[in-house]
Number of protein chains: 2
Amino acid sequence: MEEPRKRARPGRSPAPTGRTSRPRQAEVARLAGVSQATVSLVLGARKQGATISEETRRKVLDAVRSLGYVPDPAASRLAAARNNLLGVFSFTSTFPTDVQHSYYPFLVGVEQEAAARGYDLVLFTGSSTGGAGAAGPHALNRVRLADGCLFLGRHAPADELLRLVADGFPVVHLGRRDELEGLAWVGADYVSASKEVVSHLAGLGHRRIVLVREDDEAPASTDREHGFLKGLAEAGLPGGPAAVFRSADPEHDLTAERLRGWLDDGVTAFVAEETDTGDAWRALHGAAHFVGIDCPRDASLALLGSPPPDLSDGPTPTGFDIPRPQLGAAAVRMLAALVAGEQATEPLVACAFRPGTTAGAPPIHL
Amino acid sequence: MEEPRKRARPGRSPAPTGRTSRPRQAEVARLAGVSQATVSLVLGARKQGATISEETRRKVLDAVRSLGYVPDPAASRLAAARNNLLGVFSFTSTFPTDVQHSYYPFLVGVEQEAAARGYDLVLFTGSSTGGAGAAGPHALNRVRLADGCLFLGRHAPADELLRLVADGFPVVHLGRRDELEGLAWVGADYVSASKEVVSHLAGLGHRRIVLVREDDEAPASTDREHGFLKGLAEAGLPGGPAAVFRSADPEHDLTAERLRGWLDDGVTAFVAEETDTGDAWRALHGAAHFVGIDCPRDASLALLGSPPPDLSDGPTPTGFDIPRPQLGAAAVRMLAALVAGEQATEPLVACAFRPGTTAGAPPIHL
DNA sequence: GCGCATTACTAATACGCATTAACGATCCGG
DNA sequence: CCGGATCGTTAATGCGTATTAGTAATGCGC
């Protein structure tokens, strides 16, 4: 008996659609009179030595056109064992309603670089309570669906991150993170950039310069101080504790009296760090205004970063810009390298010096 | 003969990486002491009658957690299931350097709604100018990796889009697009919103109202005019061509004389459409200012949309806001419905009326 | 003409997961 | 205690493409 055995085919039940589904390589092959493998070889521009005659190539391509064949990316990626997907994880929403605090500028670079390298991006948010994330303790595991993952912000739980790294999953953190052993990261080179600002001031003739910073231990802060002091040393200027004013609440502590005191002591330039809040710069800016300083005639100001939005109207502060798009791009480069099993690339990205209008030559004392 | 044939494995060369690769269902199965099929059954919450003992389920889930297993989206997709991924594709950069032109506000809603429904988002980087796989005539094809795809902006090539639709791939376009037969879209309900603005003005007592619009045929423009006229009709006010001022260059054509003419004719309220450039509103605003109109005392102004960035400082114009996040959310809802094989959901999203400060009662003629 | 290299192609997998027929075990009624 | 029903699990297969070993055909040198 030849009867179509009930046993038949396990596997999927194709639910024999009358609809002509879109063509497969097999159908192209049939039409061109070649094998499916040949179709694959013609279409995939292998670097390998597989040689195809011009005649065959033409037949295949004709068949492809006439059938309107388009490859199935799911199958390609499965067979090639690569998804060409990079994850982007942010613990807070990737697209917060408040644009100010968003990762937008980074994403500009991330998207560009990923596109240039042929990767697509999978967006994950730790904040998503419902649904996919199943925001349990293992929420981070979801990112394993990508070939590697980029982390934005410092809210990702350290242990989970390290677990991924330990498992050999390619991970890059955007923002310095050397307290986590083995975690790859990219960050802005605040040391060099801060040093450059000080060098600029020194070059203008300033001999006493004070740094105003907030009272925390974030690498972003200590790096700036480090660069600041390095710049002083390199210019042969006095460093030491007196050169750094550190306060948990600069807006309150940086009084007019204190500012006048510095001026009387011969300080001619002030440098503030940039922070989330922008408090250091706001305090410095406010005190200088209150005392009636004509900047840069009476004294010079510089900002190690960009001004907070509420002060972005004023004169452009001398300082440097954090190249956020470039940081994003650098992170993608490093991640792509890790995915490819290569060495991590350079983690530090240079900041761009911003001349601005708040620094000039020191006043001449007669 | 049973000998282990040298012929061995064609197919891929696994390139035996020492690196622990991402775990597969097979490894989960081994760890749990069950078969791969069982793992699949446990993970995929089939409606089918496959019954799994609580004991086994627990063992499998434990193994999944301990290995950090996550299903491979490509494989899931290929096996004719779904991978809980929704695509987002924009032909221009999704994160342009110029924030003004970005899709950002839409993405806020897209992300939220997708997360709420348990989908992850894949950002297909279609913008790639140069570089690897992204560009090319079949760039759109990549989206087939996801369960469905959202398209932003009107630059996606129509033929490719329709091809996807024809193949039964779920697609939703954000922004009205009825010139493409069969393409699902969501858009703002400009007709109702414009009508509401007119009703508001009529309610304040205005009897003659003029619409200033640019000279194009975009649905966004014609919808507004349609709603405007509908509003007039409903209030029993005179419509007709005289009520609409249409100009390719309103800033040039909307002269002070013309404005005075309208005022002399008893027009007490003016409405401008919002466009990319914001020219209509800018022209109206400028002319009114030039003529010395005290708004809303001498005449009322309204804007069918939001003001351009350069005019966002002035008084809040009466009009409506385009609910971009809601549009994004609505698009995801519709896409999810299509993916589930259901009917498309409501394509129109209501705009929010914005009272503003530029409209008031008409001046009293003695 | 025989070995050997080269060319042009095909056969046979494998990728990771979902699906389903089939199978062993247990339970039940008669 | 035997046939059938039910439950829980597995073996076997397919999705569509990429890869590679193998092979038939041809060319080349001597």
Side-chain angles (χ1 to χ4, degrees), chain A residues 4-17 21-30 32-57 59-60 64 69-83 144-145, chain B residues 5-16 21-30 32-57 59-60 64 69-84 141 144-145:
Chain A
R5 313 189 40 197
K6 264 301 172 37
R7 198 198 174 295
R9 73 187 133 55
R12 319 189 43 257
S13 70
T17 47
S21 74
R22 59 204 184 88
R24 310 295 163 196
Q25 283 190 353
E27 292 157 53
V28 174
R30 207 173 309 136
V34 299
S35 73
Q36 174 267 322
T38 302
V39 175
S40 178
L41 287 177
V42 169
L43 293 182
R46 291 298 133 273
K47 58 294 296 179
Q48 283 287 1
T51 51
I52 301 287
S53 72
E54 214 35 62
E55 160 87 6
T56 302
R57 178 184 306 278
K59 279 193 303 185
V60 169
V64 163
Y69 166 83
V70 291
D72 179 338
S76 305
R77 291 174 183 208
L78 178 58
R82 284 181 71 219
N83 279 322
R144 299 179 112 112
L145 140 182
Chain B
R5 315 186 40 193
K6 261 299 172 36
R7 202 194 172 305
R9 76 187 134 56
R12 314 192 48 255
S13 70
S21 79
R22 293 176 16 215
R24 308 297 168 200
Q25 283 190 351
E27 292 155 53
V28 174
R30 208 174 311 136
V34 298
S35 74
Q36 174 265 322
T38 302
V39 175
S40 178
L41 286 177
V42 170
L43 293 181
R46 289 298 133 271
K47 59 293 297 179
Q48 283 286 1
T51 50
I52 300 286
S53 71
E54 212 36 63
E55 161 86 8
T56 301
R57 176 184 305 280
K59 280 192 303 185
V60 168
V64 162
Y69 167 81
V70 167
D72 180 327
S76 303
R77 203 53 208 147
L78 184 57
R82 35 179 26 211
N83 53 18
N84 270 359
N141 201 48
R144 303 180 115 108
L145 178 65

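Just so it is clear, the values below take in all heavy atoms, side chains as well, and ignore hydrogens, waters and symmetry mates. Predicted model only: the values in this text are computed from it and were never measured. Here is the naming used below: chain letters follow the sequence lines, and residue numbers restart at 1 for every chain.
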Quickly work out the A:Arg57 CZ to C:dT7 C1' distance and round it to whole Å. 14 Å

I want to check one thing: is the phosphate of D:dA18, taken as OP1 and OP2, less than 4.0 Å away from some side-chain N or O of A:Ser40? yes

Measure from CG on B:Asn141 to P on D:dT17 and round the result to the nearest Å. 10 Å

Can you tell me the distance, in whole Å, between the CZ atom of A:Arg82 and the C1' atom of C:dG16? 17 Å

Please pick, from C:dC17, D:dA18, D:dT9, the nucleotide with the shortest atom-to-atom distance to any side-chain atom of B:Ser53. D:dT9

Please give, in whole Å, the distance from C:dA14 P to B:Asp72 CG? 18 Å

Separation of D:dT19 P from A:Arg77 CZ (nearest whole Å): 14 Å

For B:Ala26 and for A:Glu55, locate the closest nucleotide of DNA chain C by heavy-atom distance; then report the residue assigned to the nucleotide nearer the 5' terminus. A:Glu55

In terms of heavy-atom contacts, B:Gln25 and B:Ser40 come closest through OE1-CB, 3.6 Å

Look at the side-chain N and O atoms of A:Gln36 and state whether any lies under 4.0 Å from the OP1 or OP2 oxygen of C:dA12. no

Nearest to the side chain of B:Arg24 - C:dT20, C:dG16, D:dG8? C:dG16

Polar side-chain atom of B:Arg77 near backbone of B:Arg144 as donor-acceptor pair, under 3.5 Å: yes

Looking at B:Thr51, does any N or O in its side chain come under 4.0 Å of the phosphate oxygens OP1/OP2 on D:dG8? yes

Side-chain atoms of B:Leu78 come closest, of D:dA18, C:dC17, D:dC15, to D:dC15

Residue pair A:Leu145 / B:Arg22: nearest heavy atoms and the distance that separates them: O-NH2, 4.1 Å

Determine the contact category for A:Val39: base if any of its heavy atoms lies under 4.0 Å from a base atom, sugar-phosphate if only primed atoms, P, OP1 or OP2 are that close, otherwise nothing. nothing

If every non-hydrogen atom of B:Val28 is compared with every non-hydrogen atom of B:Val60, which pair is closest and at what distance? CG1-O, 4.0 Å

Could you check how far CZ of A:Arg30 sits from P of C:dT10, rounded to whole Å? 14 Å

Nearest whole angstrom, please: distance from the P of C:dC17 to the CD of B:Gln25. 5 Å

Whole-Å distance separating the CG atom of B:Leu145 from the C1' atom of C:dG16: 14 Å

Taking the side chain as C-beta and beyond, is there a heavy-atom pair between A:Leu43 and A:Pro71 under 4.5 Å? no

Quick one: which of D:dA18, C:dC17, D:dA12 gets closest to the side chain of B:Ala37? D:dA12

Side chain of A:Leu41: nearest nucleotide among C:dC15, D:dT20, D:dG8? D:dT20

